[in-house]
Amino acid sequence: MVKASRTARPAVDSLVARLRLPATASQYLYDLKAADAAKLLTAIAGAEAAQQKAVDAAIKGALDHVPMLLRGPVRKMLFGD
Amino acid sequence: MSTLEARAEAVKLARLLAVDPETLACTETQAAAQTRAFRVALTESLFDQHRSGFQRLAGLAKLLPAALTAKLAEKALGAMVAGRVAGEMEPGRAVEIAKHLPAPFLADLTVQLDPQAAAEVVGRMPVEIVLKAALELVRRADYITMARFVDVLAEPALRAVIEAIPSDEALLHIGFFVENSASLRALAGLLPERRLLGTLRAAHERGIWPEVLALIEHLGPKLQGHYGDLLADEPPAMLDSLLAAAQAHGFWTTLLLPFLHMRVDNQKRLVAVLGAGPYRAEIEAAARADGSWAKLEPMFGAKA
């Protein structure tokens, strides 16, 4: 099996640490060819960014969509203040 | 069948990451089970990145009326976040909110929902809401999403969905993407004979025999044999197209399964056709490889 090349390995290591992937999942990435691992890593980074953006927008948007009277408790639930 | 399963897993991984399946076609070189395990771990890890945010948003459902929460989910959260938040909700509350969601958003949310994380919510969902989402997903031909829920849907809901889907071809596509063999067997066990026959006819008419064979591979001997018996009663053109597909895709070993478990009278009828046909050598080679030739040899007789 072709392992991830030296150039791909640091990027894989970084992703594995950031996402706290289990050893079995990280081995999957190491087993891909370097170019294939790079494609997958790019897709994962895109999904992380999209999720971050969606969560931020949801938390902000939730406050905007509730009636004025309920905004206090909602703000407390969402932001703890 | 490994190629088809690897392709299905690549498509599912691409779906999770919201990229075109072609982008991740490279993962088709990996074993399907490994890609699946990677996807499951990645799903969990991506979820964990924002678990506290999802939990805070889920907490809103306790503060707000169900109708308002449903509106909030659709207008502010969006399907991706709402799908993840649903798994963090108290199941009864999630059901109340789902009652207020329109079919298109319910389907969007279902695409994003992790069936395992939301198993209790899905299991308690009333049949009419399950049907609302399922029919929209069928309309979109989103068989991958439907298959993911076969594991966790309660049997009454599963039966209702099967009855509500008129297309046997759709059932076949859904079955192809089901991951758990036990769930697939249970699903096939719920199909009445006319639907099983319908999947054979759909495979013949649409040229999708690999999907049928992938399904048969995971069934128990009784249903495998039943498939064989149904096939034996169909016009010869169906058997011809199945044999041509087996030759084209190298599925001879899988093809033996229904043959080995079908009724003896049907076995004899097929042996008369197969023994004199152009694929006898392939059948013998496959049977020798999987150890079933000792049983088949007396029927086929010595090589001509």
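Throughout, a chain's letter reflects where its sequence line sits, starting with A, and its residues are numbered from 1. Quick caveat, the model's predicted, so the values are computed rather than measured.
- By the 4.5 Å heavy-atom criterion applied to side chains, B:Glu9 and B:Gln30 are not counted as neighbours.
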Query raised in the report: Checking side-chain hydrogen bond (donor to acceptor under 3.5 Å, both in side chains) for the pair B:Ser183/B:Asp151: CA distance, chi angles, key distance, verdict?
Result: CA-CA 6 Å; B:Ser183 300; B:Asp151 282 351; 2.4 Å; yes
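- When heavy atoms are compared at a cutoff of 4.5 Å, A:Pro22 approaches chain B solely by way of its side chain, counted from C-beta outward.
- Contacts of A:Ala35 with chain B are absent, with no heavy-atom separation under 4.5 Å from either backbone or side chain.
- Among residues 55-74 of chain B, the residues having any heavy atom closer than 4.5 Å to a heavy atom of chain A are, in sequence order, B:Arg56, B:Leu57, B:Gly59, B:Leu60, B:Leu63, B:Leu64, B:Leu68, B:Leu72.
- For the pair B:Asp108/B:Met80, no side-chain contact is recorded, criterion being any heavy-atom separation below 4.5 Å from C-beta on.
- With a threshold of 4.5 angstrom between heavy atoms, B:Leu42 approaches chain A through its backbone and through its side chain.
- Within 6.0 Å of CZ on A:Arg20 lie no more than 12 heavy atoms contributed by other residues, nucleotides or ligands.
- Annotation: cation-pi pair B:Arg148/B:Phe177 absent, no NZ/CZ under 6.0 Å from the ring centroid and within 45° of its normal.
- Proximity to chain B is limited to the side chain of A:Leu70, based on heavy atoms less than 4.5 angstrom apart.
- Interface check for chain B: of the options A:Leu63, A:Leu19, A:Thr24, the most heavy-atom pairs under 4.5 Å are formed by A:Leu19.
- Using a 4.5 Å cut-off between heavy atoms, B:Leu24 contacts chain A through its side chain alone, with no backbone atom that close.
- Two residues are said to be in side-chain contact when any heavy atoms from C-beta on lie closer than 4.5 Å; B:Arg51 and B:Glu44 meet this criterion.
- Counting only heavy atoms from C-beta outward, the side chains of B:Thr27 and A:Asp36 never approach each other to under 4.5 Å.
- Side-chain atoms of B:Arg84 and A:Gln51 include a donor-acceptor pair closer than 3.5 Å.
- Only the backbone of A:Ala57 has a heavy atom closer than 4.5 Å to any heavy atom of chain B.
- Heavy-atom pairs under 4.5 Å with chain A were tallied for B:Ser45, B:Ala31, B:Ala25, B:Ala37; the largest tally goes to B:Ser45.
- Considering only heavy atoms from C-beta on, B:Arg93 comes within 4.5 Å of B:Ile97 through its side chain.
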Query raised in the report: Can B:Phe54 and B:Phe47 be said to form a ring-ring contact (aromatic ring centres under 6.0 Å, His included), step by step?
Result: CA-CA 9 Å; B:Phe54 298 139; B:Phe47 185 87; 5.0 Å; yes
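- Neither the backbone nor the side chain of B:Arg39 comes within less than 4.5 Å of any heavy atom of chain A.
- Heavy-atom distances place no part of B:Ser52 under 4.5 Å from chain A, backbone and side chain included.
- Looking at heavy atoms from C-beta onward, A:Phe79 lies in side-chain contact with A:Ile59 at the 4.5 angstrom threshold.
- Contacts with chain B were tallied for A:Ala58, A:Ala54, A:Gly61; A:Ala58 has the most, counting heavy-atom pairs under 4.5 Å.
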